[in-house]
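Worksheet: the structure to be examined is printed underneath.
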Amino acid sequence: MANVLPLSYYQNDDVVFLAKDLIGKKICTNINGQFTSAVITETEAYCGRNDKACHANNGKRTKRTEIMFQEGGKAYVYLCYGIHNLFNITTNIDGLADAILVRAVQPLDGKEIMLQRRNKTVFDKSLTSGPGILSKALGIDRSLYAASLVGPSIWLEESPEKISSSQIVETTRIGVDYAGEDALRPWRFYLKNSEWVSKK
DNA sequence: CTAACGATTCGCT
DNA sequence: GCGAATCGTTAGT
């Protein structure tokens with residue numbers, strides 16, 4: 001567990017910068033003794049102020065969004081469409097509810113475990129390129145709601161390979177049409193030449 | 001208590 | 001490309 005990103009990394013007040021910076025970082029989980037890891041290839045930023053796409057927009061505190069209002073560096077996992085666990089990284093300081101949705105990853109360690117969790121045999125982008133399925137592959141569900149991102153069940157590590165800004169595509173977020181004009185914000189980021197992206 | 005609705009995925013046409 | 005699956009959360013009665 002060398003190169004683990006420290007809690008201070010998540011307290012940055014610029015969630016859009018962090019969403020972009022997270023591209024290329026390594027995400028690791030150790031669930032019931034099963035270790036898996038992957039490189040983050042796609043993210044989306046959600047800001048707690050003035051962003052109708054964010055569940056916690058303008059101080060909307062509910063039992064579900066509560067974790068986003070705490071100090072950054074925790075997991076925000078919620079159930080979407082009654083089926084999928086979506087994994088978010090909370091950021092910013094106490095009281096400011098920002099979060100970053102991880103939308104796709106490229107598997108590194110524990111590929112067999114991921115295939116098993118997904119009931120698959122073929123190793124391709126359909127294993128982890130999408131917010132619901134990457135959670136399933138990494139063993140992330142709502143029992144990790146509010147889990148610390150510096151371990152022991154889940155943590156992030158520095159990028160295995162340096163990523164330059166020119167390798168990252170900035171575009172609009174997916175599935176947030178209900179947010180009106182906020183849906184037009186260029187707050188989605190993905191690795192330009194990667195196959196491991198949910199949609200181009 | 002009730003009802004509407006997803007930050008999606010998969011299978012079938 | 002389209003529609004079903006599926007259920008916790010949320011807001012309103």
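Quick note on labels: first sequence line is chain A, next is B, and so on, each numbered from 1.
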What side-chain donor-acceptor pairs closer than 3.5 Å can you find for residues 68-75 of chain A, not counting sequence neighbours?
residue	atom	partner	partner atom	Å
A/Q70	OE1	A/K74	NZ	3.2

Please tell me which of A/T65 and A/G82 maps to the more 5' nucleotide of DNA chain C, matching each residue to the nucleotide holding its nearest heavy atom.
-> A/G82
With a cut-off of under 6.0 Å to the ring centre and 45° to the axis, is A/R64 in cation-pi contact with A/Y76?
-> no
Side chain to side chain donor-acceptor pair (under 3.5 Å) assessment of A/S198 paired with A/E42 = CA-CA 8 Å; A/S198 65; A/E42 179 179 348; 2.8 Å; yes
Could you pull out every donor-acceptor pair under 3.5 Å between side chains of residues 131-143 of chain A and any protein atom, sequence neighbours left out?
residue	atom	partner	partner atom	Å
A/S135	OG	A/N85	O	2.8
A/S135	OG	A/P131	O	3.1
A/D141	OD1	A/S143	N	2.8
A/D141	OD1	A/S143	OG	2.5
A/R142	NE	A/N85	OD1	3.4

Starting from the C-alpha separation in whole Å, work towards a yes-or-no answer on salt bridge (charged side-chain N to carboxylate O under 4.0 Å, His left out) for A/E195 and A/K125.
-> CA-CA 7 Å; A/E195 289 302 305; A/K125 65 164 283 189; over 6 Å; no
Using 4.0 Å as the upper bound for N to carboxylate O, is an ion pair formed by A/K25 and A/D21?
-> yes
Dump the intermediate steps for side chain to side chain contact (heavy atoms under 4.5 Å, CB included) on A/I67 and A/Y145, then the final yes or no.
-> CA-CA 8 Å; A/I67 192 61; A/Y145 179 90; 3.4 Å; yes
Sugar-phosphate only, base, or nothing, as touched by A/R173 at under 4.0 Å among non-hydrogen atoms | nothing
Do the numbers put A/K111 on top of the ring of A/F123, so that NZ or CZ is under 6.0 Å from the six-membered ring centre and no more than 45° off the axis?
-> yes
When pairs are called at under 3.5 Å and a stem needs at least three consecutive Watson-Crick or G-U pairs, the stems of DNA chain B are B:1-6 with C:7-12, B:8-12 with C:1-5
At a 4.0 Å cut-off to heavy atoms of chain A, the contacted part of DNA chain C spans C/dA5 to C/dA11
What are the atom names and distances for every N/O pair under 3.5 Å that joins the protein to nucleotides 7-9 of chain B?
residue	atom	partner	partner atom	Å
B/dA7	OP1	A/H55	NE2	2.9
B/dA7	OP2	A/Y178	OH	2.7
B/dA7	N9	A/Y78	OH	3.3
B/dA7	N7	A/A53	O	3.4
B/dA7	N7	A/H55	NE2	2.9
B/dA7	N1	A/N88	OD1	2.5
B/dT8	OP1	A/R103	NH1	3.2
B/dT8	O2	A/H84	NE2	2.9
B/dT9	OP1	A/P131	N	3.1
B/dT9	OP1	A/G132	N	2.8
B/dT9	OP1	A/I133	N	3.3
B/dT9	O4'	A/H84	NE2	3.0

Using a strict 4.0 Å threshold on nitrogen-to-oxygen distance, state whether A/D98 and A/R49 make a salt bridge.
-> yes
A/T65 meets the side chain to side chain donor-acceptor pair (under 3.5 Å) criterion, sequence neighbours left out, with A/T62
